[in-house]
Amino acid sequence: MPNCPNPTLLFWASSINSELKGKKHQRSVPSCHYQRTIPSSPAPGVDGVTNMEGDLQSSRSLRLSRRGDRSNQNPAKDFDVGLFSSGRVSQDYPMKIVWKRGFVRLVLVVGILWMLLILLALLFHIWSCQTSVSFLSAMCNKDSKVYTMLDTMGFVSKDPKPHRCPIPLSNDPDKIAIPTGRTPNEIVKNLSYVMGDDVPSNGAQSSPLFGGHPSWKQREESFKLKSNMKVHCGFIQGGGAEMDVADIKYVKKCKFVVASGIFDGYDLPHEPSNISFSSKKLFCFLMVVDEVSLKFMRENGTVKEDSAGGKWVGIWRLILLKHPPYDEPRRNGKVPKILTHRLFPEAQYSIWIDGKMELIVDPLLILERYLWRGKHTFAIAQHKHHRSIYEEADANKRRKRYARPLIDLHMKIYYYEGMKPWSLNKKTISDVPEGAIIIREHTAMNNLFSCLWFNEVHLFTPRDQLSFGYVAYRLGDSFKFFMFPNCEYNSLFVLHPHTREHSSPIEWVKEINQLTKNSNLRESRGGLGLFTPYPGDLDSVVLPNVTRTSKAG
């Protein structure tokens with residue numbers, strides 16, 4: 001039997017050994033078995049207490065010895081601990097694990113932060129397109145692929161007004177009764193046009209202008225309705241926009257016209273769809289182009305030429321305008337758009353559609369719905385977002401559609417001449433149209449309206465939506481037009497993107513002195529009314545505050 005230590009000392013040694021376990025390898029402690037002798041009659045007093053303490057120590061020593069036996073049965077654990085407690089392996093291996101785990105965590109954290117950054121950028125893009133803050137909304141690009149993707153995924157909140165809605169059209173274009181007579185001219189019976197230009201004697205403009213040099217007095221007189229009227233209406237001799245002889249001969253037979261226009265190669269013709277056989281026989285589909293666009297179409301499309309010299313792209317007959325009258329392609333596009341009756345003088349009805357649009361409704365159904373059914377002679381769509389021209393002007397400035405100081409000057413002239421912001425008290429639904437589709441019967445009053453509308457575009461900015469409401473205001477109840485819902489307007493066509501975006505130096509002008517110091521920035525043949533002294537005190541004019549009625553636009 002081994003020499004057993006004192007039980008009390010063994011207890012404290014075992015406690016210390018338990019705390020040091022895993023740090024140092026311990027030698028096993030020999031098991032000692034203590035025989036507990038219980039006296040039959042323990043002696044009272046001190047000896048009794050001594051015996052009780054001895055029993056307690058014996059019980060503790062038995063338990064500790066059993067623990068020692070169990071610990072001695074697992075030498076592998078002590079060996080593993082010892083292996084890592086000394087040597088190179090015990091130091092390098094845990095560090096490698098720490099580095100690997102740290103690198104994985106770093107990659108995960110960076111990935112999560114990157115995804116959150118992208119999500120925040122997308123949310124900011126959506127918010128900028130729908131906020132009422134002018135600076136932020138100006139950064140929105142709704143034509144971008146990102147916005148289109150977000151809209152497709154349903155992340156863009158929808159406008160409460162529907163984008164498209166059904167049009168109450170007739171079922172069969174072949175059964176539409178075409179009016180035999182023309183709407184009578186009751187107020188203006190005879191309308192003629194100024195053909196020669198009075199070139200100013202100061203030599204500021206040596207050659208004639210397409211729109212002429214109408215004076216402020218002539219402009220004012222043109223709004224006073226009479227039975228016989230003679231007004232400026234473009235096509236001044238020597239001003240440009242000349243048609244080929246073959247085209248002049250062709251359009252003389254066109255009584256019903258679907259017209260469009262492409263300038264400076266920004267678009268390619270889009271073939272209309274859902275066109276009935278009756279409409280193909282009745283309508284002339286005329287696409288007005290300049291020489292740049294014709295060359296672009298020949299290089300990128302199929303232009304066929306007939307025996308009479310006519311040029312065709314599908315159903316469209318190309319009408320070439322040589323010598324563009326303006327420096328600005330957008331202003332050139334207003335010639336066929338507004339002055340359709342001048343280009344095609346035999347036309348009784350016309351439907352204008354912008355060059356980037358594909359017509360998807362039969363033109364006979366359009367005339368029946370928007371003109372004949374309600375006995376209208378002029379129809380145009382309501383703008384989706386704006387009703388006041390001052391709100392539309394603010395949107396044009398934010399989106400850099402033209403020089404901001406010139407837009408302000410344009411609006412000051414209108415405000416000085418009595419054009420108030422649109423309100424519910426006005427008789428019209430809106431002062432701002434969507435001008436991409438215009439449906440007209442070519443009456444004398446409608447032709448006069450078109451001439452006066454074009455004169456405003458010629459004198460001021462090429463933003464024709466700013467001028468439409470003003471001319472309607474000046475003619476008053478004498479000019480009647482039907483402004484139909486915007487959702488129907490969007491159901492008439494499929495919109496295609498431009499082949500390229502347009503930008504001109506004048507669009508980036510912020511201060512009027514930039515134009516006075518550098519004449520190359522401004523147009524040389526348009527907008528002359530903005531640089532001609534106005535016979536009124538415009539310095540005292542304060543434009544009305546613009547309250548944005550829509551987050552978009």
Side-chain angles (χ1 to χ4, degrees), residues 143 209-211 233-236 239-244 247-248 251 257-272 284-301 303 310-314 316-344 350-359 396 400-402 434-438 450 453-458 460-467 493 495-507 522-527:
D143 296 328
L209 292 178
F210 176 81
C233 198
F235 293 94
I236 297 294
E242 299 161 3
M243 293 172 60
D244 281 338
D247 294 332
I248 294 174
V251 301
V257 171
V258 175
S260 187
I262 296 175
F263 290 84
D264 212 30
Y266 287 116
D267 300 285
L268 289 171
H270 302 286
E271 190 75 2
C284 294
F285 291 81
L286 307 176
M287 176 69 69
V288 183
V289 299
D290 61 358
E291 293 167 322
V292 175
S293 299
L294 179 59
K295 180 181 178 182
F296 180 74
M297 291 175 193
R298 281 175 168 161
E299 294 173 350
N300 296 275
V303 178
K311 293 167 283 293
W312 300 82
V313 175
W316 292 105
R317 167 72 181 237
L318 302 183
I319 306 297
L320 175 64
L321 289 188
K322 295 179 290 185
H323 310 299
Y326 295 106
D327 308 326
E328 177 67 32
R330 284 177 176 158
R331 207 184 286 268
N332 286 324
K334 303 305 183 270
V335 175
K337 174 180 179 177
I338 302 177
L339 300 182
T340 313
H341 68 287
R342 295 297 316 273
L343 275 174
F344 317 124
S350 69
I351 300 171
W352 167 266
I353 180 169
D354 276 0
K356 62 182 178 180
M357 295 177 172
E358 174 193 338
L359 188 66
N396 276 273
K400 298 180 178 64
R401 301 302 189 192
Y402 204 66
E434 288 281 10
I437 292 179
I438 308 172
S450 298
W453 186 13
F454 180 81
N455 290 343
E456 297 298 294
V457 172
H458 170 69
F460 303 121
T461 68
R463 309 309 304 177
D464 56 86
Q465 290 166 305
L466 300 178
S467 304
F493 61 87
L495 185 64
H496 295 273
H498 290 298
T499 57
R500 59 189 176 90
E501 290 301 320
H502 170 77
S503 181
S504 62
I506 197 170
E507 295 176 353
R522 76 187 197 195
E523 299 179 69
S524 63
R525 293 180 284 177

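Computed from a predicted model, the values in this text were never measured in an experiment. We use all heavy atoms of the structure for the numbers below, so side chains are in, but hydrogens, waters and symmetry mates are not. Here, residue 1 is the first one in the sequence, and each next residue gets the next number.
In this structure, Ile262 and Asp267 approach most closely via the heavy-atom pair CG2-O, 3.4 Å. Between Lys337 and Gly435, the shortest heavy-atom distance links the atoms CE-O, 2.9 Å. What you find for Gly234 and Arg342 is that their closest heavy atoms are O-NH1, 3.6 Å. Nearest heavy atom pair, residue Pro325 against residue Asn332, reads CD-OD1, 3.2 Å. Scanning both residues, Gly240 and Phe210, for their nearest heavy atoms gives O-CD1, 3.8 Å. Annotation for Glu328 and Ser504: closest pair OE1-OG, 3.2 Å, computed over non-hydrogen atoms.
Within the 4.5 Å cutoff, side-chain heavy atoms of Phe296 are placed close to those of Leu268. Looking at Val257 and Trp352, their side chains never come closer than 4.5 Å, going by heavy atoms from C-beta outward. Met297 places none of its side-chain heavy atoms less than 4.5 Å from the side chain of Lys311. At a threshold of 4.5 Å between non-hydrogen side-chain atoms, the residues Glu358 and His496 count as touching. Looking only at side-chain heavy atoms (C-beta outward), Leu286 and Phe344 come within less than 4.5 Å of each other. A heavy-atom distance below 4.5 Å is found between the side chains of Leu466 and Asn396. Under the 4.5 Å side-chain criterion, counting only non-hydrogen atoms from C-beta, Leu209 is not in contact with Ile236.
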Review point. Can Val251 and Leu343 be said to form a side chain to side chain contact (heavy atoms under 4.5 Å, CB included), step by step?
Key: CA-CA 8 Å; Val251 301; Leu343 275 174; over 6 Å; no
Exercise for review: Go through Phe493 and Asp354 one step at a time and tell me if the side chain to side chain contact (heavy atoms under 4.5 Å, CB included) criterion holds.
Suggested key: CA-CA 10 Å; Phe493 61 87; Asp354 276 0; over 6 Å; no
Point to revise | Steps toward side chain to side chain contact (heavy atoms under 4.5 Å, CB included) verdict (Lys356, Leu495) | key: CA-CA 6 Å; Lys356 62 182 178 180; Leu495 185 64; 3.6 Å; yes
Exercise for review: Let me see the working for Ser467 and Asp464 under side chain to side chain donor-acceptor pair (under 3.5 Å), right down to the final yes or no.
Suggested key: CA-CA 5 Å; Ser467 304; Asp464 56 86; over 6 Å; no
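Screening Arg522, Arg330, Lys400, Arg463 against Glu507 for a salt bridge (charged side-chain N to carboxylate O under 4.0 Å, His left out) leaves a single residue, Arg330. A side-chain hydrogen bond (donor to acceptor under 3.5 Å, both in side chains) with Tyr326 is found for one member of Arg525, Glu523, His458 and no other, namely His458.
Distance check, rounded to the nearest 0.5 Å: CG of Asp244 to CD1 of Ile319 gives 9.0 Å. Between the CG atom of Leu321 and the CZ atom of Phe263 there is a distance of 5.0 Å, given to the nearest 0.5 Å. The line from CG of Leu339 to SG of Cys233 is 5.0 Å long, rounded to the nearest 0.5 Å. Atom OG in Ser524 sits 3.5 Å away from atom CG in Asp327 (nearest 0.5 Å). With rounding to the nearest 0.5 angstrom, the CD1 atom of Ile353 is 11.5 Å from the CD1 atom of Ile438. Note that CG of Leu320 is 9.0 Å distant from CE of Met243, once rounded to the nearest 0.5 Å.
The backbone N or O of Tyr266 lies less than 3.5 Å from a partner atom in the side chain of Thr499, making a donor-acceptor pair. For the pair Trp316 (side chain) and Val288 (backbone), a donor-acceptor distance under 3.5 Å is absent. Formation of a donor-acceptor pair under 3.5 Å by the Asp290 side chain with backbone atoms of Asp264 is found in this model. Side chain of Thr340 to backbone of Pro336: a donor-acceptor contact under 3.5 angstrom is found.
One finds a salt bridge joining Arg317 and Asp247 here, because a Lys/Arg side-chain nitrogen approaches an Asp/Glu carboxylate oxygen to under 4.0 Å. The pair Lys334-Glu456 does not count as a salt bridge, with every side-chain nitrogen at least 4.0 angstrom from each carboxylate oxygen.
Remark: Tyr402 pairs with no residue by the ring pair (Phe, Tyr, Trp, His ring centres under 6.0 Å) rule, at least two apart or across chains. Among residues two or more places apart in sequence or in another chain, the ring pair (Phe, Tyr, Trp, His ring centres under 6.0 Å) test is passed with His323 by none.
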